[in-house]
Amino acid sequence: MQLIKKMHSKCRSETYPFSEIKRLIFPQNLIPWSVQFEDYNPPEYESSVLLNKPWADPPITDTNFKPNWNNLDDKINRKSHLGPYRIIEGRPLNPVGRTGLKGRGVLGKWGPNHAADPIVTRWKLDTNKAVLQFCAIKRKDCGQWALPGGMVDPGEQVSETLKREFMEEALNSLEATPDQRRLDEQMIKSFFSKGTEIYKGYVDDPRNTDNAWMETVAVNFHDPDNSQVGKFALEAGDDAAQVQWMDIDRNLDLYASHSELLKTVIERLGAHW
């Protein structure tokens, strides 16, 4: 139950993000679907921002929408890192448990929504402690600090998503000149060729619902002697309002499960916590 609570906390906040929709609040012991909860009938919500968007699934009631659940559906990956999920009354069921909200909220895909999170780290200079820093971005949508990650495009390899999202959010590549973009791509390609996967699975994202949820692959790219990341000209772009090198410690309150991901990196590299 403690593991479920940790994986399923932020996605049970009272008010659903970017809306005035209230989730059904219930005790944490009723989170698992295996626990009987006869009166469970939460509200349903699907944001209007998803209508007719090329990156979003159609409404679940669309008779032409016939997804290949738990499989690669053309170029869309509908597999979960947690294994097969159940389909109840034509809808995928959140594999971790109840969230207090039906529908898909603001998430584009029914079922798993796949993301990739690059954790770019370096040692802090001029300190006697082994203090680790990571490249952090401040999200425009909610104002929280986070990893510079994002959604995996249909047909895209996760390795490409990691590089693309870092360049867009931490280097502002979308507004860079062609020459600067080429230089950034060469630099990032070299540095990102040696990463260590630290997590693959479910994310405790506040946007999760009973029928749509976030999953990620998090990869640590570490510069042990500060010889490579020092060349990064950090500049916030795309979904990021700010970008900076941030000390990692136990008091960080980051977006979704990002603090837990950083704790794993701390343990791996033996840094101060």
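Because the structure is a prediction, the values reported are computed rather than measured. Side-chain atoms are counted along with the backbone in the values below, which use heavy atoms only and exclude waters and symmetry mates.
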Can any side-chain N or O of [X] pair as donor or acceptor with the backbone N or O of [Y] at less than 3.5 Å?
| X | Y | result |
| --- | --- | --- |
| His114 | Lys79 | yes |
| Thr177 | Gln180 | yes |
| Ser190 | Gln186 | no |
| Asn211 | Leu93 | no |
| Tyr40 | Leu24 | no |
| Glu156 | Asp153 | yes |
| Thr209 | Gly103 | yes |
| Asp204 | Ser9 | yes |
| Asn208 | Pro206 | no |
| Ser259 | Leu254 | yes |

Using a 4.5 Å cut-off on heavy atoms from C-beta on, say whether the side chain of [Y] contacts that of [X].
| X | Y | answer |
| --- | --- | --- |
| Trp55 | Met151 | no |
| Phe221 | Cys135 | no |
| Phe192 | Val120 | yes |

Search all heavy atoms of [X] against all heavy atoms of [Y] and return the closest pair with its distance.
| X | Y | answer |
| --- | --- | --- |
| Glu169 | Leu147 | OE1-O, 4.3 Å |
| Gly149 | Pro118 | CA-CD, 3.8 Å |
| Thr161 | Val152 | OG1-CG1, 3.6 Å |
| Leu269 | Trp123 | O-CH2, 3.7 Å |
| Trp110 | Pro58 | NE1-O, 3.1 Å |
| Pro43 | Gly100 | CD-O, 3.7 Å |

With the threshold set at 4.0 Å, does a side-chain nitrogen-carboxylate oxygen contact exist between Glu185 and Arg164? no
Look at Arg182 together with Asp179 and state whether they make a salt bridge at an N to O cut-off of under 4.0 Å. yes
Using the salt bridge (charged side-chain N to carboxylate O under 4.0 Å, His left out) rule, take Lys163 and Glu160 through it: C-alpha gap first, then chi angles, then the decisive distance, then the call. CA-CA 5 Å; Lys163 290 184 287 186; Glu160 291 302 315; 3.2 Å; yes
Would Asn41 and Lys102 satisfy side-chain contact (heavy atoms from CB on, under 4.5 Å), going step by step from the backbone distance to the final call? CA-CA 9 Å; Asn41 186 26; Lys102 293 187 290 187; 3.3 Å; yes
[Y] six-ring centre to [X] NZ/CZ under 6.0 Å and within 45° of normal:
| X | Y | result |
| --- | --- | --- |
| Arg139 | Tyr255 | yes |
| Arg78 | Tyr85 | no |
| Arg23 | Tyr16 | no |

According to a hydrophobic-cluster definition based on side-chain heavy atoms being under 4.5 Å apart (Ile, Leu, Val, Met, Phe, Trp, Tyr only), do Phe134 and Val203 belong together? no
In sequence, state the C-alpha distance, the side-chain angles, and the governing distance for Arg12 and Thr99, and then conclude on side-chain hydrogen bond (donor to acceptor under 3.5 Å, both in side chains). CA-CA 5 Å; Arg12 295 178 63 236; Thr99 67; over 6 Å; no
Let me know which of Asp117, Thr121, Thr264 forms a side chain to side chain donor-acceptor pair (under 3.5 Å) with Asn220. Thr121
Let me see the working for Arg104 and Tyr45 under side-chain contact (heavy atoms from CB on, under 4.5 Å), right down to the final yes or no. CA-CA 7 Å; Arg104 57 171 163 162; Tyr45 177 58; over 6 Å; no
Inter-residue atom distance His8.NE2 - Asn94.CG, 0.5 Å rounding: 5.0 Å
Find the distance between CD (Glu235) and OG (Ser173) and round it off to the nearest 0.5 Å. 10.0 Å
For this output row, return yes or no: ring centroids of Phe232 and Phe191 closer than 6.0 angstrom. yes
Taking the six-membered ring where the residue is Trp, are the ring centres of Trp145 and His258 under 6.0 Å apart? no
For the pair Glu44 and Arg91, evaluate salt bridge (charged side-chain N to carboxylate O under 4.0 Å, His left out) and give the outcome as yes or no after the intermediate values. CA-CA 13 Å; Glu44 180 160 356; Arg91 298 182 178 211; 2.6 Å; yes
